[in-house]
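In what follows, a single structure is set out as structure tokens and then discussed.
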Amino acid sequence: MGFADQRFNVNLSILFTELPLLQRPAAAAAAGFTAVELWWPWVETPTPERSELDALRKAIEDAGVRLIGLNFYAGRLPGPDRGALSVPGEESERFRANIDVAADFAHSLGATALNALYGNRVDGVDPAEQDALALENLVLAARAADRIGAILLIEALNKPESPLYPLVSAPAAVGVVDKVNRATGLDNARFLMDLYHLSMNGEDLPAVIEEFAARTGHVQIADNPGRGAPGTGSLPLEDLLGRLRKAGYDGWVGLEYKPGDRPSAETFDWLPRRPLSPAPRRRPPH
């Protein structure tokens, strides 16, 4: 088991960013991918104009790729923010305004996973107050995900790069997953296991996989150090993905790495075969 047994999709918010947003789905398809994921593309607004939503939807459909995952509004990302849902005031309100917009957009393209980044700690605000607000907003997000037949993802980031983000371990993120599922009774919250972030935190990745694979709804990878393509660092990603497969995870693996100095299309030489995943229904394979 290893790379050859995985369903890879490409994150268009970190790869192919040398191209305008609307050109990235076609570039991913030209590189052999049949599925993509995205951070919330409109950093400045949780509620973009319908014309902008329609243009991105058309670009994805015309490229013949499937959107499998989408982040809710998360503030300035990339940038200093790491989510909005636990940040009192305007940012929390912006997150709430985004919930149905993001869910409906995801649903229109068949996406079945919505990622809700928790948000940074705020100076002068009691962490317990932020956690209570986070749970309120995550319950709303979980209900919206359930409405469209999707799961809600909770992600652990890494402390060196996100020092104000409170979920910087697998147990911390899974603890929030459990709180959301208890609060809603829907059991549709899942852990987003990003092997790069967990490795940056120094976690025992085989142990994390063994303990949490069954509660994982999505996996993302990049090598470490450097957050580059597999093979640019020292993470045994092929072995780790094989372990995940043996532990029962058969979902998508998102490529969320930096292309470095090369064009994104030239960073997939580590892949053992193509096509990378089954073609979407009603569309011919690339």
Side-chain angles (χ1 to χ4, degrees), residues 8-84 94-95 97-98 101-111 113-117 155 161 194 196 218 220-222 226-229 232 252-271 274-277 279-280 283-286:
F8 291 110
N9 71 276
V10 64
N11 190 311
L12 297 181
S13 297
I14 194 168
L15 284 160
F16 295 108
T17 57
E18 64 269 29
L19 300 173
L21 176 63
L22 297 184
Q23 294 179 23
R24 296 177 203 170
F33 292 92
T34 59
V36 300
E37 61 183 275
L38 281 163
W39 302 342
W40 183 248
W42 299 279
V43 176
E44 300 300 328
T45 178
T47 54
E49 295 293 333
R50 179 174 292 277
S51 60
E52 294 184 79
L53 292 161
D54 289 345
L56 180 55
R57 182 185 300 110
K58 184 176 187 299
I60 292 171
E61 290 175 340
D62 288 352
V65 295
R66 174 185 169 192
L67 181 70
I68 62 101
L70 177 69
N71 283 22
F72 288 108
Y73 169 81
R76 291 164 294 172
L77 184 74
D81 298 332
R82 298 292 186 271
R94 287 161 72 89
F95 176 82
N98 175 249
V101 176
D104 289 344
F105 182 78
H107 185 52
S108 73
L109 288 163
L114 291 163
N115 184 26
L117 286 173
E155 182 174 8
E161 295 175 327
D194 186 309
Y196 167 75
H218 188 51
Q220 293 172 338
I221 64 169
R227 200 174 185 177
T232 60
W252 293 93
V253 175
L255 305 183
E256 197 177 83
Y257 60 75
K258 297 177 181 179
D261 296 332
R262 294 185 290 171
S264 297
E266 296 178 10
T267 68
F268 306 116
D269 50 358
W270 56 274
L271 283 165
R274 304 214 176 152
L276 303 173
S277 57
R283 295 187 186 277
H286 171 70

How about L38 and L56: do any of their side-chain heavy atoms sit closer than 4.5 Å?
-> yes
Nearest heavy-atom neighbours spanning L70 and P41 = CD1-CD, 4.4 Å
Of all heavy-atom pairs linking S13 and W39, the shortest is OG-N, 2.9 Å
State the CG-CZ distance between N11 and F16, to the nearest 0.5 angstrom.
-> 11.5 Å
Hey, does R262 have a side-chain heavy atom less than 4.5 Å from the side chain of P259?
-> no
Rounded distance (nearest 0.5 Å) linking atom CG of D261 with atom CD of E266 = 11.0 Å
Within-4.5 Å side-chain heavy-atom neighbours: I60 and R57 = no
What's the shortest heavy-atom distance between A35 and N9, and which atoms?
-> O-CB, 3.2 Å
The complete set of salt bridge (charged side-chain N to carboxylate O under 4.0 Å, His left out) pairs with one or both residues in residues 18-41, sequence neighbours excluded, reads none
Do you know which of T267, I221, V36 makes side chain to side chain contact (heavy atoms under 4.5 Å, CB included) with L255?
-> I221
Between OG1 of T17 and CG of L19, what distance do you get to the nearest 0.5 Å?
-> 8.0 Å
Would you check if H218 and W252 make a side-chain contact, meaning some heavy-atom pair closer than 4.5 Å?
-> yes
Could you give the distance from CH2 (W40) to OG1 (T45), rounded to the nearest 0.5 Å?
-> 8.0 Å
Can you find a heavy atom in the side chain of L53 that is under 4.5 Å from one in the side chain of W42?
-> yes
Mind checking side-chain contact (heavy atoms from CB on, under 4.5 Å) for A74 and listing every partner two or more places apart, or none if nothing turns up?
-> L77, L117
Taking the six-membered ring for Trp, is the centroid-to-centroid distance between F72 and F95 below 6.0 Å?
-> yes
Who pairs with E256 by salt bridge (Lys or Arg N to Asp or Glu O under 4.0 Å), at least two apart in sequence or on another chain?
-> R227
Using a 4.5 Å cut-off on heavy atoms from C-beta on, say whether the side chain of K258 contacts that of I14.
-> yes
Heavy-atom closest contact (P25 atom, A59 atom, distance) = CB-O, 3.7 Å
Roughly how far, to the nearest 0.5 Å, is CZ of R82 from CD of E161?
-> 7.5 Å
Taking every heavy atom of P48 against every heavy atom of V101, the minimum-distance pair comes out as CD-CG1, 4.4 Å
For the student: nearest non-hydrogen atoms of R94 and V43, plus distance = NH2-O, 4.3 Å
Taking the six-membered ring for Trp and the full ring for Phe, Tyr or His, determine whether the centres of F33 and F268 are under 6.0 Å apart.
-> yes
To the nearest 0.5 Å, atom CG of L271 lies from atom CZ of F8 at 6.0 Å
